[in-house]
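To start, the structure itself, in C-alpha cells.
Side-chain atoms are counted along with the backbone in the values below, which use heavy atoms only and exclude waters and symmetry mates. Counting starts at 1 for both ligands and their atoms, in listed order.
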Amino acid sequence: MTSTTILYLIIGITVVGYLADQVLEYINLRAQRNDIPPDVAGFYNPEQYIKSLAYHREQTQFGFITSAFSIVLSLLMLLFGGFGWLDEVLRPYFQQEIWRALAFFGVLAIVSDVITLPFQWYATFVIEEKYGFNKTILKTFVTDKLKGYVLSAILGGALLALLIFLIQQIGPGFWIWFGVIAALVVLLINMFYTSLLLPLFNKLTPLPDGELKTAIEAFAKDVSFPLDNIFVMDGSKRSKKANAFFSGIGKKKKIVLYDTLISNHTTEELVAVLAHEVGHFKKKHIIFGYILSVVQIFFMLWVLSLIVYNEQVSFALGGTKMALHLNLLAFTILFSPVSGVTGLLMSIYSRKNEFEADTYAKETYDGQALANALKKLSVDSLSNLFPHPAYVFFHYSHPPLLQRLKALS
Ligand SMILES: [Zn+2]
C-alpha cells in the first residue's frame, strides 16, 4: 500500500468511527421518555425524574461539542501532516529513537490535555455542579491532574521505552516478548491497584465496628469470604455519586465500598451490594476477564508486528523518514475498528457477569434488598432509565436498571 492509500484509510476510519458514535448518541437521546416505569415509581419523584432527563440531555449535547472539536483537530493534524512535522521538529534534539518516541507522545499527551482542559473543567465544575453531584474542589482537581501526569509518565513511559527497545532489538518476534511483559504488568496492576495505586488518589480505611460490620461478618462467614479485605473509600471527596467494586486477584482481592454508598443505604441493601461483588469473585469473573484481556493484548501486538516496520505508514502521517512512534500512532487508529469489536464482545461478557453476580446475591442473601439498592443508586446518579437498545449493546458494561430488576424478580 502506498502512503496516500494508508492516509485515506486512516482518515476514513476516523470519520466513520466518529459518525457511528454520534448516531448512537443521537438515537439514545431520542429514546428518552417522560413516563416513570411502575417498578421504580416509588423511588423517583416526578421533579427528580425530569432532572435526570435534563442531566442526560445536557451531557449528550456537551459530548457532541467535545467530539466535534476533537475530530476537527484530528483531521487537521492528519491532512496537514502535523504528526510528521512534530517528528521533524524533535529530531535534532533527540537522536535516539527511544527518547524521540517518549518526547513525541509526551508532547502530544500534554498538548491535547491542555487544549481539552476547559472541557474537563466545564464537565466537572459546571455540569456536575449544576445537578448537585460535584464535590471536587479546585485543589483536588489540580493535584489529581499532577498525580495522573506523574503516574502515566512513569508507567506509560517505561512501557513505551521498552516496546521501542524490543521492536528495534528483537525484530518482528518482539510481540511475544512484549506480550508476556504486558500480561505481567496488567496482572501486577490488578493485584496492587487497591494497595498502591488507589491510595495515591483516595483514602481507604477498614470497615469500622458497628451494625454494618456485624451484618457483613455474618454474610462473609456464610459464603466464606475473608472479611479483612473490605474497605471504605472516601468517594465523597470528589462526587456524591456512589459505587462499590471488587478488585484484585488471589490474596490481594479486595472489596471497596464508597462512603457515599454507606451513608445512603440500609444495612440490608449494603450487604446485598457486597454480596453482588462477592458474586463476581465466586463466579471467577475477575480471572476470566484477565485471561480475555491478555488474549486481546497478544492479538493486538501481533497485528502491530505486521505494520510497525513499514515506512509507508510513517509517510502517511506526514513523516519524511521512517519513525517507529509515527507507526505506533497510526496503528492505534488503524486498529480501532478491531478494538471496537473486541470492546463490544467484552461489554456483552461484562453484562452477562452482572446478571450472574445479581443472581448470586439473590441466592445467597436477598434479591429484594439488592433491587432496592439498585433503584436508589439509579435515582441518586440520575441514570438513564430508557437507554436505546443499540446504545446499550455497544456501550453498556452493566445492563440497564429495568432489565436487572426484571431478572431479580
Ligand atoms: Zn457488578
Side-chain angles (χ1 to χ4, degrees), residues 39-40 189-191 193-194 198 202 204 207 212 216 219-220 222-223 225-227 229-233 235 239 241-250 252-262 264-266 268-293 343-385 387 391-409:
D39 267 357
V40 292
I189 291 180
N190 250 309
M191 286 172 69
Y193 177 69
T194 42
L198 201 54
N202 282 92
L204 293 167
L207 198 61
L212 177 61
I216 288 179
F219 173 77
D222 265 0
V223 297
F225 185 85
L227 186 71
N229 293 334
I230 300 165
F231 287 82
V232 181
M233 191 186 98
S239 172
K241 287 181 182 169
N243 202 356
F245 63 87
F246 186 97
S247 156
I249 283 174
K252 295 285 175 189
K253 58 182 179 293
K254 286 193 176 82
I255 288 178
V256 176
L257 303 170
Y258 281 37
D259 55 354
T260 40
L261 185 81
I262 293 177
N264 254 341
H265 290 76
T266 65
E268 285 74 35
E269 288 162 359
L270 288 167
V271 178
V273 169
L274 187 104
H276 169 100
E277 299 304 331
V278 171
H280 280 306
F281 168 71
K282 295 277 182 185
K283 301 278 174 188
K284 305 214 173 359
H285 296 157
I286 318 291
I287 300 280
F288 281 117
Y290 173 67
I291 294 172
L292 285 177
S293 50
L344 183 75
L345 296 176
M346 287 299 263
S347 294
I348 294 174
Y349 175 70
S350 163
R351 290 196 298 270
K352 176 194 79 75
N353 289 347
E354 292 307 321
F355 281 128
E356 280 183 16
D358 282 354
T359 308
Y360 179 85
K362 185 183 174 181
E363 283 168 357
T364 58
Y365 189 66
D366 183 353
Q368 192 51 48
L370 181 62
N372 286 345
L374 291 176
K375 289 177 197 174
K376 273 193 193 170
L377 277 169
S378 172
V379 174
D380 292 342
S381 60
L382 300 182
S383 74
N384 188 0
L385 286 180
Y391 193 87
V392 173
F393 184 71
F394 282 101
H395 286 308
Y396 271 43
S397 63
H398 287 57
L401 176 71
L402 298 182
Q403 279 184 27
R404 288 177 81 173
L405 294 179
K406 206 174 148 201
L408 271 173
S409 65

Tell me the salt bridge (Lys or Arg N to Asp or Glu O under 4.0 Å) pairs involving residues 281-293, sequence neighbours left out?
->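 Sorted pair list comes back empty.
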Mind checking whether F225 and F281 have parallel, tilted or perpendicular rings, split at 30° and 60°?
-> perpendicular
Angle at the Zn ion (ligand 1): provide the value between NE2 of H280 and NE2 of H276, rounding to 10 degrees.
->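 That angle is 100°.
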So which N/O/S atom does E354 have closest to the Zn ion (ligand 1)?
->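 Relative to the Zn ion (ligand 1), the closest nitrogen, oxygen or sulfur of E354 carries the name OE1.
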Verify the distance test for H398 against the Zn ion (ligand 1): any N/O/S atom under 2.8 Å, yes or no.
->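 H398 does not place any N, O or S atom closer than 2.8 Å to the Zn ion (ligand 1).
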Could you confirm whether D358 has any N/O/S atom lying under 2.8 Å from the Zn ion (ligand 1)?
-> no
Taken in chain and number order and not counting sequence neighbours, the residues that satisfy side-chain hydrogen bond (donor to acceptor under 3.5 Å, both in side chains) with H276 are H280, E354, D358
From I189 CD1 over to S247 OG, what is the distance, rounded to the nearest 0.5 angstrom?
->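 One gets 11.0 Å once the value is rounded to the nearest 0.5 Å.
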